[in-house]
Protein chains: 2
Amino acid sequence: MNIGQAARQTGLSAKMIRYYESIGLLKPAHRTDSGYRVYGADDLHTLAFIKRSRDLGFSLDEVGRLLTLWQDRQRASADVKALARQHIEALNQKILELGQLRDTLQDLVEHCQGDHRPDCPILKELASGSCCA
Amino acid sequence: MNIGQAARQTGLSAKMIRYYESIGLLKPAHRTDSGYRVYGADDLHTLAFIKRSRDLGFSLDEVGRLLTLWQDRQRASADVKALARQHIEALNQKILELGQLRDTLQDLVEHCQGDHRPDCPILKELASGSCCA
DNA sequence: CTTGACCTTCCCCACAGGTCAAGGTTGATG
DNA sequence: CATCAACCTTGACCTGTGGGGAAGGTCAAG
């Protein structure tokens, strides 16, 4: 199977597959005599694993660790769980931060008339700085 | 005032200040005879405005628009409000997405023994794909 | 004069790819 | 066989928001 078909089957782009190979996330694919990359069922599995891990928000670095654990028959599931937990914590942290930003902005918006007068509390707060922690 | 002091006073880095100038977010700073950038009270105000806008999660592109509105005495506050609302919507969207990822991961983690056995439901789900929408 | 802190410009690095170019392969058609 | 479209290859450059550091100029104090 060529890279394009592998891409379509996994939902990745051909570009991404080459990129993953270039950064060492994937082992170099087999090649035809003319240099085309060839992918088999195993490779598709790995690509799909990467795709789903990315969809869950893991960084490529984390995906690399997950792949290692996946391919290691001796791994402890505790390792995977720890990685996932760590990722959950990062997500929660990000969610909190974004929520605080949103709330702050929401406050500002609610104090803004939103009419045609140039007077705007949002800009005033941005200029004066009393809005930010 | 030199760029280093301006940076310390506003919480930006000298690097960022030069960058903002290079992309046209800031007007080119005045220079001494020897080429050093010099910042006055007005410039500090603008830098602080940028810093606070960035802290609220606006992109540099959005900051540029806010700056324009800020410096435009004829602006309508409705414009600022619309920009802020738009940003709030983007934040909400991102928060939702991250929350869904977290919940999915949380489910997976809860089904994982987390012991020394190699059997791990998280990896199984990542490999099989039934976990993702 | 020397030292050290500061400034300047310039280039490379990160993430996670997108986009385009120039050229080689492959397979199907006339 | 010629040709054409669709596919593949590598490579280079773009995004956004800077960080890090090199090479060299400037300034103030000792």
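Note on naming: letters A, B, ... go to the chains in the order of the sequence lines (proteins, then strands), and numbering restarts at 1 for each one.
- Residue A:Lys15 contributes atom NZ, which lies 13 Å from atom C1' of D:dT15 at whole-angstrom precision.
- In terms of phosphate contacts, B:Arg31 brings no side-chain nitrogen or oxygen within less than 4.0 Å of OP1 or OP2 of D:dG25.
- Between B:Glu21 atom CD and C:dC10 atom P the separation is 13 Å, expressed in whole Å.
- Distances shorter than 4.0 Å separate none of the side-chain N or O atoms of A:Arg37 from OP1 or OP2 on C:dT25.
- Across the protein-nucleic acid pair, A:Asp61 atom CG and C:dC15 atom P stand 8 Å apart, rounded to whole Å.
- Sequence order on DNA chain C of the closest nucleotides to B:Ile3 and A:Arg54 puts B:Ile3 first from the 5' end.
- At the phosphate of D:dG19, OP1 or OP2 sits under 4.0 Å from a side-chain N or O atom of B:Ser13.
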If you apply the rule side chain to side chain donor-acceptor pair (under 3.5 Å), what do you find for B:Arg102 with A:Asn92, and how did you get there?
CA-CA 7 Å; B:Arg102 183 202 48 198; A:Asn92 275 329; 2.8 Å; yes
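- Taking only side-chain nitrogens and oxygens, B:Ser34 never comes nearer than 4.0 Å to OP1 or OP2 of C:dC7.
- Here the C1' atom of nucleotide C:dT26 and the OH atom of A:Tyr36 are 6 Å apart, to the nearest Å.
- As the counterpart of D:dA29, C:dT2 is assigned, both hydrogen-bonding distances of the Watson-Crick or G-U wobble pattern falling under 3.5 Å.
- Taking side-chain N and O atoms only, B:Tyr20 has no distance below 4.0 Å to OP1 or OP2 of D:dT17.
- Look at CD1 on A:Ile17: it is 14 Å from C1' on D:dT9, rounded to the nearest Å.
- A straight line from CG of A:Asp33 to P of D:dC8 spans 17 Å, rounded to a whole angstrom.
- Computed from coordinates, the A:His30 NE2 to D:dT9 C1' distance equals 18 Å when rounded to whole Å.
- In this entry C:dG24 has D:dC7 as its Watson-Crick or G-U wobble partner, both defining distances falling under 3.5 Å.
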